[in-house]
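Structure record follows, encoded as structure tokens.
Both backbone and side-chain heavy atoms feed into the values below; hydrogens, waters and symmetry mates do not. All residue numbers refer to positions in the sequence shown, counting from 1. Just follow the structure's listing: the first ligand is 1, and inside any ligand the first atom is 1.
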Amino acid sequence: MTNSRNYRGRFAPSPTGPLHFGSLVTALASYLEAKSCEGQWLVRIEDLDPLREPPEATGEILNSLDAHGLFSDEPVLFQSRRHEAYHSAIEHLRSEGAAYRCNCSRKQLQANNGRHPRHCRNSNAAISNQPSAIRFALNDEQCQWQDQLLGLQHHRVRAEIDDPVLRRKEGFFAYQLAVVVDDIEQGITDVVRGSDLLDMTAQQLQIYHALTATPPRWLHVPVIVNEQGQKLSKQNRAPALDNRSAVRNLFGALGALGQKPPKSLLAGSVEASLEWAQMHWRRGAIHLTDR
Ligand code: GLU
């Protein structure tokens, strides 16, 4: 069992649109995990890519979280204000030989048996000063790690072909770098997130090790799908949550997490729903559907 005094969890949405039911389920799971361990729960806005983020989305997400009683225990962290930290992390990784400049596309890599045609990993000098992406140099590995809900995970990590981009050619920092740098900076002990990110975890573990930091525990909750079996997301036009129905939304989200909220909650307040949920939270009741 997690030592309650040390538990620090977070919800880290990318503001590509307003909060929808699927993201509420994830937010609620991470909140309840943290609160049932008497831990801290933080909100972080992962606003790394202004081209994919309507300017109003961040405000809408934060309003929705408030309306559902989900308040961050510390000031909200914005990744758009963390560029210096990402820059330093990249410099550090490069000085250790764990990151390199590269302009290869995935297509080029595939056409070359997954190897970099210009040997970018070993010859930084070859790329002169033209704008280029920075990639993390993965080690080939058969990785095993323990998910708090799904159990032992096995993941094959392939050097070169899978080397994740840390900073894009256009200058934007990438999720794989920023999520690790910020979870370290914020002292996050436990990450609860959607299982669509399960396959990212083995790579993130290698980035933690390259930054000589202790990785958190991970718990991946099943993602909510629509009638066509697609993940609820902005691309699939998942409707924004109606904040006026916060109690009903929480009731639905608890049901989606396999909890059994009594109908009487529907006549009560957001606070009463969250209090019930915290007291009765059972991680083991989450349905293990396909991801
Ligand atoms: N920002 C990511 C998303 O909205 C989640 C990151 C994470 O929880 O690791 O999908």
Side-chain angles (χ1 to χ4, degrees), residues 7-34 39-54 57-62 64-65 70 72 76-82 85-86 89 136 145 147-150 153 155 164-166 168 172-208 211 213 215-225 230-236 238 240-241 253 257 286 291:
Y7 188 114
R8 284 171 69 81
R10 53 49 162 199
F11 173 58
S14 307
T16 50
L19 210 65
H20 53 72
F21 183 70
S23 30
L24 177 67
V25 170
T26 306
L28 188 61
S30 70
Y31 178 88
L32 292 173
E33 274 286 318
Q40 302 284 302
W41 184 73
L42 314 183
V43 174
R44 181 170 74 227
I45 296 291
E46 301 211 317
D47 48 352
L48 288 173
D49 183 352
L51 303 178
R52 292 185 56 229
E53 297 158 1
T58 291
E60 289 172 346
I61 291 174
L62 294 175
S64 270
L65 290 172
L70 303 173
S72 181
V76 173
L77 189 76
F78 294 88
Q79 292 197 322
S80 54
R81 300 183 196 158
R82 298 268 303 143
Y86 308 143
F136 180 75
W145 58 275
D147 186 275
Q148 300 295 302
L149 180 67
L150 306 173
Q153 302 294 305
H155 196 98
V165 170
L166 302 178
R168 282 156 46 193
F172 298 134
F173 293 100
Y175 162 69
Q176 283 294 59
L177 174 80
V179 72
V180 173
V181 169
D182 286 346
D183 281 339
I184 295 171
E185 168 68 25
Q186 296 192 284
I188 299 300
T189 59
D190 291 79
V191 169
V192 176
R193 60 184 181 190
S195 58
D196 52 324
L197 294 166
L198 202 57
D199 291 346
M200 302 278 191
T201 310
Q203 294 187 359
Q204 288 171 12
L205 262 170
Q206 289 202 13
I207 301 177
Y208 273 93
L211 293 172
R217 285 171 288 260
W218 280 283
L219 186 161
H220 290 82
V221 292
V223 295
I224 304 296
V225 294
Q230 303 157 322
K231 179 194 170 205
L232 286 194
S233 69
K234 198 180 150 245
Q235 290 90 314
N236 299 326
L241 283 173
L257 287 165
I286 301 175
R291 44 185 173 119

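- Residue Arg10 places a heavy atom under 4.0 Å from ligand 1.
- Between the side chains of Tyr175 and Asp49, no donor N or O sits under 3.5 Å from an acceptor N or O.
- Remark: minimum distance from atom 3 (C) of ligand 1 to any protein heavy atom is reached at Ser14 OG, 3.5 Å.
- Distances from ligand 1 to the non-hydrogen atoms of Tyr175 include at least one value under 4.0 Å.
- Using a 4.5 Å heavy-atom threshold, the side chains of Val192 and Leu149 count as separate.
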task: Decide yes or no on side-chain contact (heavy atoms from CB on, under 4.5 Å) for Thr201 and His155, but give the supporting numbers first.
output: CA-CA 9 Å; Thr201 310; His155 196 98; over 6 Å; no
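- A donor-acceptor pair shorter than 3.5 Å can be found between the side chains of Trp41 and Ser30.
- Between Arg10 and Asp190 there is no salt bridge, since no side-chain nitrogen of the basic residue lies less than 4.0 Å from a carboxylate oxygen of the acidic one.
- The protein atom (non-hydrogen) at minimum distance from atom 5 (C) of ligand 1 is Ala12 O, 3.3 Å.
- With a heavy-atom cut-off of 4.0 Å, Leu197 touches ligand 1 through its side chain alone.
- For ligand 1, the atoms closer than 4.0 angstrom to any heavy atom of Glu46 are 1 (N), 2 (C), 5 (C), 6 (C).
- Short contacts between ligand 1 and Pro13, defined as distances under 4.0 Å to a heavy atom of the residue, involve ligand atoms 1 (N), 4 (O).
- Proximity to Val179 (heavy-atom distance under 4.0 Å) selects the following atoms of ligand 1: 9 (O).
- A donor-acceptor pair shorter than 3.5 Å cannot be found between the side chains of Gln186 and Arg8.
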